[in-house]
There are 2 protein chains.
Amino acid sequence: MNRIKEIPFFSHLDKNGLKKLNDISTIKKYNSKEILFFEGEEPKHLHVLLDGVVRLYKTNHKGNQIFLHQFLPVSLIAELANFENIPYPATAEFTCRGEVLRVDYKKLEEGFFKNPELSFQIIKSLAGKLKIMSEVVTNEIVLTSEAKIAKFLVENGELFSSLKNTKVASLLNLTPETLSRTLTKFKKQEFIRIDDGLEILKLDDLVEMYAN
Amino acid sequence: MNRIKEIPFFSHLDKNGLKKLNDISTIKKYNSKEILFFEGEEPKHLHVLLDGVVRLYKTNHKGNQIFLHQFLPVSLIAELANFENIPYPATAEFTCRGEVLRVDYKKLEEGFFKNPELSFQIIKSLAGKLKIMSEVVTNEIVLTSEAKIAKFLVENGELFSSLKNTKVASLLNLTPETLSRTLTKFKKQEFIRIDDGLEILKLDDLVEMYAN
DNA sequence: GTAAAAATTTGACATATGTCAATGATAATG
DNA sequence: CATTATCATTGACATATGTCAAATTTTTAC
């Protein structure tokens, strides 16, 4: 109950509302690599990530994972499936131990959807998701690998420096080989330098590669 | 004003609400091939498609159009850009003459967002868009061309029969050549027959290609 | 500090799909 | 009906990116 009060999503609820919400929800702990839900599964709960990190991915025809997004607390996860009453469109997996609030969706719908503040929060969340998906489309369909990498270097330089290349490659849905080759190319062109962290030497040239 | 009353989105508004909405919106007509908005443009209005057909697409690095979705009346178009206050993520173009209701978004936000019924409609719309985007991702990233085509034949057989192959190819973001080759392949395998309309001979084999 | 494991780089090759060009088939127009 | 114009098919080739394997480097663990 105290946990629920701290969720920005529900923080505006009054005592009665909190109690009702508490009655239809449970908190569940997960370990790293545990699956919150599989692509294709029927949703019964609304999941609110309280703690830990969840990665969302689809699986392609060859069985490779296509990374879509990484969720940090506190966020709703795949609420689309609840609202549209469709199977989960992707798989959600914990990358470290964490916790979710599982809310019985049917009961939530009955009791809470008249609440304007909650509606507003849901709108925010959905719009955010839509933005994410739109970016996925841009990154995966519109951009070449080179452009994807250039964009990532410019926009996530810090993160790049802190991660192994294999990890970066998987975030970008590329093979480590492609990433490696592209990075050496960028180094040869003197767009970047890498020693103990990324240094961008020719920002404009990098940006040019993905912006239009 | 009468037009507004007929929009399901706003049909629940009372007289006063309708009047206020009417004051902040205008109806604009468009011809075929006219652009409603360009990718990257700053949104000022919420667009409600009242009449006509609008196709939404992105442009890739080579200047090719990547088809995302076709809107039929009555629908909100790219409201994401309004809600998130970001540039339009894609271009919207009329494929035939039509009409939109342009609502001054700032003013709408100030005056209407407390309305629970409207919020609910917006949630519905956003969730629908999210579903569309999720399908785009599935189609474009997860499936091979062959699978895309198989899926389209199974799910849109009627439409397939009524369209030229060039048109189908562009809906699927494929070249006509690839479509043609794949179709001949399916015919050779006796999955389909085409004479004066599509006939699916081996549904299971086709479905097998894209379902997992 | 050494051994084992993991990550990176590089080369050779595979593959799906696009591009271009030529030809044949259909449809549209006067 | 004849003539364009559009569409479909086919082949040869290009290209980006993945796959596999080997060599090298870096990191981790004892």
Side-chain angles (χ1 to χ4, degrees), chain A residues 32-33 57-67 95 138-153 159-189 192-198 209-210, chain B residues 33 57-67 95 138-153 159-189 191-198 209-210:
Chain A
S32 181
K33 308 227 169 142
Y57 60 83
K58 278 179 173 274
T59 307
N60 74 6
H61 55 107
K62 283 179 180 168
N64 299 327
Q65 296 179 0
I66 296 167
F67 172 81
T95 58
T138 300
N139 287 330
E140 299 302 313
I141 307 181
V142 176
L143 301 182
T144 61
S145 326
E146 213 174 83
K148 272 160 79 169
I149 295 169
K151 189 172 179 214
F152 190 83
L153 292 175
L159 187 55
F160 175 85
S161 296
S162 78
L163 293 176
K164 299 269 159 203
N165 285 0
T166 41
K167 198 80 199 144
V168 173
S170 110
L171 285 178
L172 295 175
N173 294 318
L174 297 173
T175 58
E177 291 93 331
T178 300
L179 178 60
S180 167
R181 287 187 239 269
T182 308
L183 287 176
T184 27
K185 195 169 151 198
F186 287 171
K187 285 184 230 163
K188 274 216 190 81
Q189 293 171 296
I192 58 170
R193 188 189 310 154
I194 300 178
D195 42 41
D196 199 42
L198 170 72
M209 307 187 80
Y210 63 86
Chain B
K33 308 229 169 140
Y57 60 84
K58 279 180 174 274
T59 306
N60 75 4
H61 55 106
K62 283 180 181 169
N64 300 325
Q65 294 180 0
I66 296 166
F67 172 82
T95 59
T138 301
N139 288 329
E140 300 301 314
I141 308 181
V142 176
L143 302 181
T144 61
S145 326
E146 213 175 83
K148 272 160 80 167
I149 295 169
K151 189 172 179 214
F152 190 82
L153 292 174
L159 187 55
F160 176 86
S161 297
S162 77
L163 293 177
K164 300 266 159 204
N165 284 0
T166 42
K167 197 81 195 132
V168 173
S170 111
L171 285 179
L172 295 175
N173 294 320
L174 296 173
T175 58
E177 291 94 330
T178 300
L179 178 60
S180 169
R181 287 186 240 269
T182 309
L183 287 175
T184 26
K185 194 170 152 198
F186 287 172
K187 284 183 232 165
K188 275 217 189 78
Q189 293 171 299
F191 289 177
I192 59 171
R193 188 188 311 154
I194 300 179
D195 42 40
D196 200 42
L198 169 73
M209 307 187 81
Y210 63 86

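This is a predicted model, so every value here is computed, not measured. Here is how names work: the chains are called A, B, and so on, in the same order as the sequence lines, proteins then strands, and each is numbered from 1.
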Taking only side-chain nitrogens and oxygens of [X], does any of them come within less than 4.0 Å of OP1 or OP2 of [N]?
| X | N | answer |
| --- | --- | --- |
| B:N165 | D:dT9 | yes |
| B:T178 | C:dG18 | yes |
| A:S145 | D:dA16 | no |
| B:T166 | D:dA8 | yes |

Discussion item. Counting the atoms with a prime plus P, OP1 and OP2 as sugar-phosphate, which does A:N173 contact under 4.0 Å by heavy atoms, base, sugar-phosphate, or nothing?
Written reply: sugar-phosphate
Practice prompt. Show your working on side chain to side chain contact (heavy atoms under 4.5 Å, CB included) between B:H61 and A:V142 and close with a plain yes or no.
Written response: CA-CA 7 Å; B:H61 55 106; A:V142 176; 6.0 Å; no
Write down the distance between [atom1] ([X]) and [atom2] ([N]), rounded to a whole number of angstrom.
| X | N | atom1 | atom2 | result |
| --- | --- | --- | --- | --- |
| B:H61 | C:dT19 | NE2 | P | 9 Å |
| B:F160 | D:dA8 | CZ | C1' | 12 Å |
| B:E146 | C:dG18 | CD | C1' | 16 Å |
| A:I149 | C:dT8 | CD1 | P | 13 Å |
| B:K62 | D:dA16 | NZ | P | 7 Å |
| A:K148 | D:dG18 | NZ | P | 7 Å |
| A:L179 | C:dT10 | CG | P | 13 Å |
| B:E140 | C:dA16 | CD | C1' | 15 Å |

Worksheet item: Does a distance-only test, which skips hydrogens and angles, find a donor-acceptor pair under 3.5 Å between the side chain of B:E177 and the base of D:dC7?
Response: no
Discussion item. How long is the straight-line distance from CG of A:L153 back to CE of A:M209, given to the nearest 0.5 Å?
Written reply: 10.0 Å
Discussion item. For the CG atom of A:N64 and the CG atom of A:N173, what is their distance to the nearest 0.5 Å?
Written reply: 9.0 Å
Worksheet entry | Heavy-atom pair of closest approach, residues A:Y210 and A:L143 | O-CD2, 3.9 Å
Worksheet, complete the sentence: Walking DNA chain D from its 5' end, the first of B:T184 and B:K164 to be reached, judged by nearest nucleotide, is B:K164
Item to complete: Describe, in one word, how the ring planes of B:F160 and B:F152 are oriented to each other, choosing from parallel (under 30°), tilted (30 to 60°) and perpendicular (over 60°).
Response: perpendicular
